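Take a look at the structure set out below.
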Amino acid sequence: MADRPRRTTLGSLIESMLPRCGPITLRNPFGVIELRGTDLYLRRGRTLSLYHREAQRGEARSHAHLYVSGLSWARVVERDGITPRLSFWPDAREEEEKAPLTIAFPRFYDWSRVPIPDNRAHFAAWVSKHGRTFILEPDPPVARSRRAAAGFPGSDQVGGPG
């Protein structure tokens with residue numbers, strides 16, 4: 001039996017994944033970008049922005065800006081022999097062959113295809129706590145001055161250099 005979709009925001013769902021996730025993949029018709037690292041964090045503003053914590057300035061390293069209203073449906077996608085992903089679409093029709101945004105769970109297998117039980121347990125606990133399908137409500141945009149006042153990494157420098 002499929003679980004009943006839970007209501008949340010894109011930002012909240014991303015934040016639930018970031019402490020322990022695999023690559024984050026953003027697709028459009030022209031290409032694909034992947035963000036990797038255990039140091040990723042989400043900064044809320046006019047967009048939701050994924051940055052690396054150790055960057056001196058957020059714009060100095062690879063990062064992604066996500067529009068707060070572009071995606072309204074998410075689902076955990078599982079396939080045999082592949083680590084599950086949390087996949088995000090514009091709506092529940094899931095019309096694209098591949099989701100525009102995915103966040104992988106920690107790898108289920110090492111490079112020799114040996115299972116990693118701790119990562120499987122993390123996935124089971126995450127699904128038990130959060131669910132498998134989600135209706136995404138819009139994240140409220142945050143003014144740039146509020147981001148800087150909140151003290152997010154890199155927010156102490158507003159505007160360009162110098």
Side-chain angles (χ1 to χ4, degrees), residues 1-55 58-59 61-141 152-153:
M1 178 178 152
D3 69 332
R4 183 176 176 183
R6 298 184 184 188
R7 291 188 171 276
T8 187
T9 64
L10 175 62
S12 295
L13 204 49
I14 290 172
E15 285 174 331
S16 74
M17 291 288 292
L18 284 181
R20 189 169 172 189
C21 70
I24 297 171
T25 306
L26 185 60
R27 302 176 196 290
N28 71 28
F30 310 104
V32 175
I33 185 170
E34 286 186 357
L35 294 175
R36 295 174 183 263
T38 58
D39 65 331
L40 293 173
Y41 74 96
L42 183 74
R43 185 165 73 180
R44 297 168 185 271
R46 290 183 303 268
T47 61
L48 297 175
S49 300
L50 290 161
Y51 290 105
H52 292 276
R53 285 196 185 280
E54 73 261 7
E59 302 296 317
R61 289 200 49 201
S62 61
H63 60 280
H65 300 290
L66 305 170
Y67 298 120
V68 296
S69 62
L71 302 168
S72 67
W73 176 255
R75 179 173 61 89
V76 173
V77 175
E78 298 177 77
R79 294 193 176 104
D80 287 339
I82 298 174
T83 299
R85 295 180 178 275
L86 180 58
S87 298
F88 300 82
W89 286 272
D91 56 52
R93 293 177 295 187
E94 300 182 15
E95 291 179 334
E96 295 87 351
E97 180 182 340
K98 293 186 177 183
L101 174 66
T102 62
I103 303 175
F105 284 90
R107 294 182 309 138
F108 273 22
Y109 306 94
D110 69 12
W111 291 107
S112 301
R113 300 294 298 161
V114 174
I116 304 172
D118 187 46
N119 290 352
R120 289 175 179 261
H122 169 74
F123 169 74
W126 192 96
V127 167
S128 177
K129 179 178 180 179
H130 298 286
R132 293 178 181 273
T133 58
F134 307 90
I135 296 169
L136 304 177
E137 298 171 345
D139 285 86
F152 289 107

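Nothing here was measured: the structure is a model prediction, and the numbers come from that model. This chain uses plain numbering: 1 for the first residue, then up along the sequence.
The CG atom of Leu10 sits 5.5 Å away from atom CZ of Phe88, with the distance rounded to the nearest 0.5 Å. Atom OG1 of residue Thr133 and atom CZ of residue Arg75 lie 9.0 Å apart, to the nearest 0.5 angstrom. The distance from the CG atom of Leu42 to the CG atom of Asp139 is 8.0 Å, given to the nearest 0.5 Å. Taking CE of Met17 as the reference point, atom NE2 of His130 lies at 9.0 Å (rounded to 0.5 Å). Taking CG of Leu86 as the start and CZ of Phe123 as the end, the distance is 9.5 Å to the nearest 0.5 Å. A distance of 10.0 Å separates CH2 in Trp73 from CG in Asp91, rounded to the nearest 0.5 Å.
The shortest heavy-atom contact between Ile24 and Leu18 is CD1-CD2, 3.7 Å. Residues Ala74 and Leu136 share a closest heavy-atom pair of CB-CD1, 4.3 Å. Scanning both residues, Glu34 and Pro23, for their nearest heavy atoms gives OE1-CB, 4.2 Å. Considering all non-hydrogen atoms of both residues, Leu50 and Ile14 come closest at CD2-CG2, 4.0 Å. Minimum interatomic distance between Leu35 and Ala64 (heavy atoms only, all atoms of both residues): CD1-CB, 3.8 Å. For Gly131 against Val76, the heavy-atom pair with the smallest separation is O-CG2, 4.1 Å.
Residues passing the side-chain contact (heavy atoms from CB on, under 4.5 Å) test with Tyr109 are Arg113, Pro115, Arg120, sequence neighbours excluded. For Ser87, the side-chain contact (heavy atoms from CB on, under 4.5 Å) partners two or more places apart in sequence, or in a different chain, are Val77, Arg85, Trp89, Ala99, Thr102.
Not a single donor-acceptor pair under 3.5 Å links the side chain of Ser128 to the backbone N or O of Ala125. A donor-acceptor pair is defined here as one N or O able to donate and one able to accept, closer than 3.5 Å; such a pair exists between the side chain of Thr83 and the backbone of Phe108.
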### Task
Please assess Leu48 against His65 for the test side chain to side chain contact (heavy atoms under 4.5 Å, CB included), listing each intermediate value before the final yes or no.
CA-CA 6 Å; Leu48 297 175; His65 300 290; over 6 Å; no

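A 4.5 Å side-chain heavy-atom check between Pro90 and Glu96 finds at least one atom pair inside the cut-off. Counting heavy atoms from C-beta on, the side chains of Asp39 and Tyr51 never come closer than 4.5 Å. Looking only at side-chain heavy atoms (C-beta outward), Leu101 and Arg27 stay at 4.5 Å or farther from each other. Side-chain contact between Leu26 and Leu66 is present, with at least one heavy-atom pair separated by less than 4.5 Å.
Between Arg44 and Glu15 a salt bridge is recorded (basic side-chain N to carboxylate O distance below 4.0 Å).
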